Amino acid sequence: MRPEDLTGPDREQWLSKPEAELRTLLEELHPEDLAQALNVIEEPDDVTRIMRALSVEMSAQVMERLSSDRQGDVLESVHKDQAVEILSEMAPDDRADLVQELPADQRETLLEHLRETAPQIAEEVHELSSYGEDTAGGLMTTEFVALQPSMRVEGAINEVRRASKREETEHIYYVYVLYGDKLVGVVSLRQLLLSEPDKRLEEIMETNVVRLAPTEDQEKVAVQIAKYDLSALPVVDDQGNMLGVVTVDDVVDVVIEEATEDAQRMGGVMPLEDSYLQTSFLTFIRKRVGWLVVLFLGEMLTATVMERHNIHAIAGLSVFVPLIIATGGNSGSQSSSLIIRALAVGEVRPRDWWRVLGRELGIGLVLGLALGAVGFARAFLLGTFHGSIALAVTIAGSIMAVVTLGTLMGSLLPLGIRRLGLDPAVSSTPFIASLVDVLGLLVYFTIAGLIFGISV
C-alpha cells in the first residue's frame with residue numbers, strides 16, 4: 001500500500017478489506033506518511049476506520065504526527081478506553097501537547113477518564129502541561145535513564161538495555177547521574193561502552209553539565225543544543241533536581257516552527273497555527289488584514305507628504321519618486337533580514353547596536369554612492385530632462401541619503417524591538433519599506449528644495 005491509495009478515489013476499496021488484512025497493509029507505511037494522508041482525508045469516518053484498524057503502538061506513533069484538529073477528531077471518535085491506550089503509548093511530551101491542544105470540554109473529559117484508569121499518566125500530563133508550550137518544560141520528556149553515582153559501568157549498561165527493552169526511555173543518548181533527584185553528572189552512551197566494566201559512574205561522568213531551566217524559551221533551547229553540539233539537554237529546577245530531557249528531534253521541530261513564524265511575520269502575516277491548506281479562508285483574512293491595514297495607513301502618509309509638497313514645481317521631479325522610495329525600501333529590507341537572522345542565531349545582541357550602527361552606516365554610504373552614481377547617469381543622460389545637472393545631483397544625493405537611512409532603519413529597528421522583549425520579526429519587510437518610503441520622500445523633497453533654492 002502507498003499513502004496515495006488512502007487519499008485517492010480507490011480509498012473505499014482498500015478500507016473495505018478485512019480488518020486484519022487492512023492492519024497489515026497500513027502498518028507497511030511509515031507513521032509519518034500515514035499521518036500526512038490522514039491529515040488530508042476529509043471524511044472523519046474514514047479516518048476513524050483507519051485508526052481503529054491499527055495496533056495501539058502504531059496508533060500512538062501516527063497520533064503524535066497528526067495535526068491538532070485531527071487528533072481531537074480521532075480521540076472524539078474512538079472509545080475512551082482505546083483513547084487511554086493510545087495516550088499511554090505516546091511519548092510524554094507529545095501526550096501533554098496533544099491534551100493541551102484539545103478543546104476545554106474534551107480535555108476535561110479525557111483527563112477525568114485518565115485519572116480513573118491511568119492516574120500516573122494523568123499526573124504526568126498535569127505536570128508537563130503546567131509549563132508553557134514554547135518553553136523547555138513544555139518540550140521535555142520525562143523518559144530518561146537516571147542512575148546513581150556508585151553504580152558500576154557493567155550494571156549501568158545492563159540498566160540501559162533493560163530500560164530500552166521495556167521502552168521506558170524515548171532516546172538513549174546519555175545516562176544521567178543523580179544523587180537522589182539532584183543532577184550531578186552525565187555519561188554519554190559511547191563513553192559508557194568504552195569504559196572499563198568495573199569503574200563507577202562517578203569516575204567517568206562529566207560534571208560540567210549544560211542544563212536548562214524549565215521556563216527557558218524554546219528558541220534558546222535550540223541555540224543551546226546547536227552551540228554545544230548535543231543530542232539532548234537535561235532540564236532541572238532551581239534546586240538542581242532533574243525534571244526531564246529535551247531531545248534534538250524536538251528542537252528540529254522548534255527550529256522549523258520558529259523559522260516559519262519569522263518568515264510569515266517578515267511577510268506581514270501573523271503566524272498561522274496550521275499548514276496552508278488546512279487554514280480556513282476566514283483565518284487567512286484575519287491573519288493578513290491587520291498588517292495590511294497598518295501598512296495602508298502608513299502608505300497614506302506617503303500620499304500626505306506628496307500632497308504637501310509641490311513636486312510639479314521642478315520639471316521631472318515626480319518622475320523619480322518611485323525610484324527613490326523603492327531604493328530606500330529595498331536597502332532597508334536587506335538590512336532587516338540580515339539583522340533578524342543574526343538575532344535569531346545569537347550572532348548579534350541588542351547591546352551590540354553601536355557596532356551594528358557603525359557597520360551599517362559605512363555600508364549604507366558605500367551602497368548609496370554606487371546607486372547614486374547610477375541615478376545621476378540616468379537623470380543626466382537619459383529621458384526628457386537630460387542635461388539638467390541640478391536634477392541629476394538631486395537624484396544622486398537623494399538616493400545616497402535614502403539608501404543610508406534605509407540600511408540604518410532596517411538594522412536598528414529589529415534591535416530596538418528585541419530590546420523591548422518582542423519578536424524582531426514583527427519589524428517586517430513591508431513595515432520597513434513603508435516607513436522608509438515616508439522618510440525617503442521627506443529627504444528627497446528637502447534635498448530638492450535646497451539645491452533648487454525653492455520651496456518644494
Side-chain angles (χ1 to χ4, degrees), residues 1 3 6 14-15 17-39 41 43-130 138-144 162-172 244-245 247 249-250:
M1 176 181 280
L6 296 176
W14 288 99
L15 296 185
K17 294 180 179 297
E19 186 171 305
E21 183 180 351
L22 179 59
R23 173 179 298 181
T24 301
L25 292 171
L26 290 172
E27 297 197 353
E28 292 175 354
L29 300 175
H30 190 281
E32 181 64 39
D33 294 330
L34 183 52
Q36 287 186 0
L38 294 180
N39 279 332
I41 294 176
E43 292 77 5
D45 290 342
D46 288 349
V47 175
T48 303
R49 288 163 66 186
I50 292 171
M51 291 296 293
R52 285 176 176 171
L54 298 174
S55 65
V56 175
E57 294 79 5
M58 184 69 166
S59 297
Q61 294 180 56
V62 172
M63 183 72 82
E64 291 173 355
R65 296 165 169 83
L66 291 176
S67 66
S68 57
D69 289 341
R70 187 48 50 92
Q71 287 175 334
D73 293 340
V74 170
L75 291 178
E76 186 74 25
S77 63
V78 301
H79 191 271
K80 290 181 181 180
D81 291 336
Q82 186 181 358
V84 170
E85 288 181 350
I86 293 174
L87 289 173
S88 300
E89 287 293 326
M90 292 176 64
D93 51 337
D94 293 320
R95 182 165 55 223
D97 290 341
L98 184 156
V99 173
Q100 282 182 300
E101 292 292 333
L102 293 175
D105 54 345
Q106 187 180 3
R107 180 172 62 249
E108 288 305 317
T109 301
L110 182 60
L111 284 175
E112 183 178 350
H113 193 65
L114 272 175
R115 293 187 194 103
E116 296 173 356
T117 57
Q120 185 175 353
I121 291 178
E123 179 61 29
E124 187 179 73
V125 169
H126 175 74
E127 181 181 347
L128 291 177
S129 301
S130 64
L139 292 174
M140 71 181 183
T141 176
T142 55
E143 293 181 342
F144 55 90
R162 184 199 63 80
S164 181
K165 286 181 178 179
R166 294 187 179 182
E167 298 183 351
E168 295 176 359
T169 178
E170 185 176 348
H171 296 285
I172 307 175
V245 176
T247 55
D249 58 328
D250 295 317

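The structure presented is a predicted model; accordingly, all values stated were derived computationally and were not measured.
- With a 4.5 Å cut-off on side-chain heavy atoms, Thr109 and Lys80 count as touching.
- Screening residues 43-53 for salt bridge (Lys or Arg N to Asp or Glu O under 4.0 Å), with sequence neighbours left out, gives Arg11-Glu43, Arg11-Asp46, Glu12-Arg49, Asp46-Arg49.
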Identify every side-chain donor-acceptor pair in residues 116-126 under 3.5 Å, counting partners at least two apart or on other chains, and give the distances.
| residue | atom | partner | partner atom | Å |
| --- | --- | --- | --- | --- |
| Thr117 | OG1 | His113 | O | 2.8 |
| Glu124 | OE1 | Arg95 | NH2 | 2.3 |
| Glu124 | OE2 | Thr142 | OG1 | 2.7 |

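- Atom CG of Leu111 sits about 10.5 Å away from atom CD of Gln106, to the nearest 0.5 Å.
- Under the rule for a side chain to side chain contact (heavy atoms under 4.5 Å, CB included), the partners of Asp73 that lie at least two apart in sequence or sit in another chain are Arg70.
- Taking CE from Met90 and CD1 from Ile86, the interatomic distance works out to 9.0 Å, rounded to the nearest 0.5 Å.
- Listed here is the closest heavy atom pair of Leu6 and Ile41: O-CD1, 3.5 Å.
- Take Glu127 and apply the side chain to side chain contact (heavy atoms under 4.5 Å, CB included) test, not counting sequence neighbours, and it matches no residue.
- Here the OG1 atom belonging to Thr48 is positioned 10.0 Å from the CD atom belonging to Glu76, to the nearest 0.5 angstrom.
- Shown here for Trp14 and Leu22, the closest heavy-atom pair between the two residues is O-CD1, 3.7 Å.
- Residues meeting the side chain to side chain contact (heavy atoms under 4.5 Å, CB included) test with Ser55, sequence neighbours left out: Glu27, Glu57, Met58.
- Checked against side chain to side chain contact (heavy atoms under 4.5 Å, CB included), Glu85 has the following partners two or more places apart in sequence or in another chain: Val56.
- Of the candidates His30, Gln71, Met51, Met51 is the only one forming a side-chain contact (heavy atoms from CB on, under 4.5 Å) with Val62.
- With rounding to the nearest 0.5 Å, the separation of CD in Glu89 from CD in Glu64 is 10.0 Å.
- Residue Leu66 forms a side-chain contact (heavy atoms from CB on, under 4.5 Å) with just one option from Val74, Leu98, Leu34, and that option is Val74.
- Between Leu139 and Asp93, the shortest heavy-atom distance links the atoms O-OD2, 3.3 Å.
- Residue Arg65 comes nearest to Ala35 through the heavy atom pair CB-CB, 3.6 Å, listed as atom of the first residue, atom of the second, then distance.
- Rounded to the nearest 0.5 angstrom, Leu26 CG and Lys17 NZ are separated by 11.0 Å.
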Stepwise side-chain contact (heavy atoms from CB on, under 4.5 Å) check, Leu114 with Leu87: CA-CA 9 Å; Leu114 272 175; Leu87 289 173; 4.1 Å; yes
For Leu54 and Gln61: C-alpha separation, side-chain torsions, deciding distance, then whether side-chain contact (heavy atoms from CB on, under 4.5 Å) applies. CA-CA 10 Å; Leu54 298 174; Gln61 294 180 56; over 6 Å; no
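- In terms of heavy atoms, Gln100 sits closest to Ser129 at NE2-O, 3.2 Å.
- Nearest heavy-atom pair across Met63 and Leu75 is CE-CD2, 3.8 Å.
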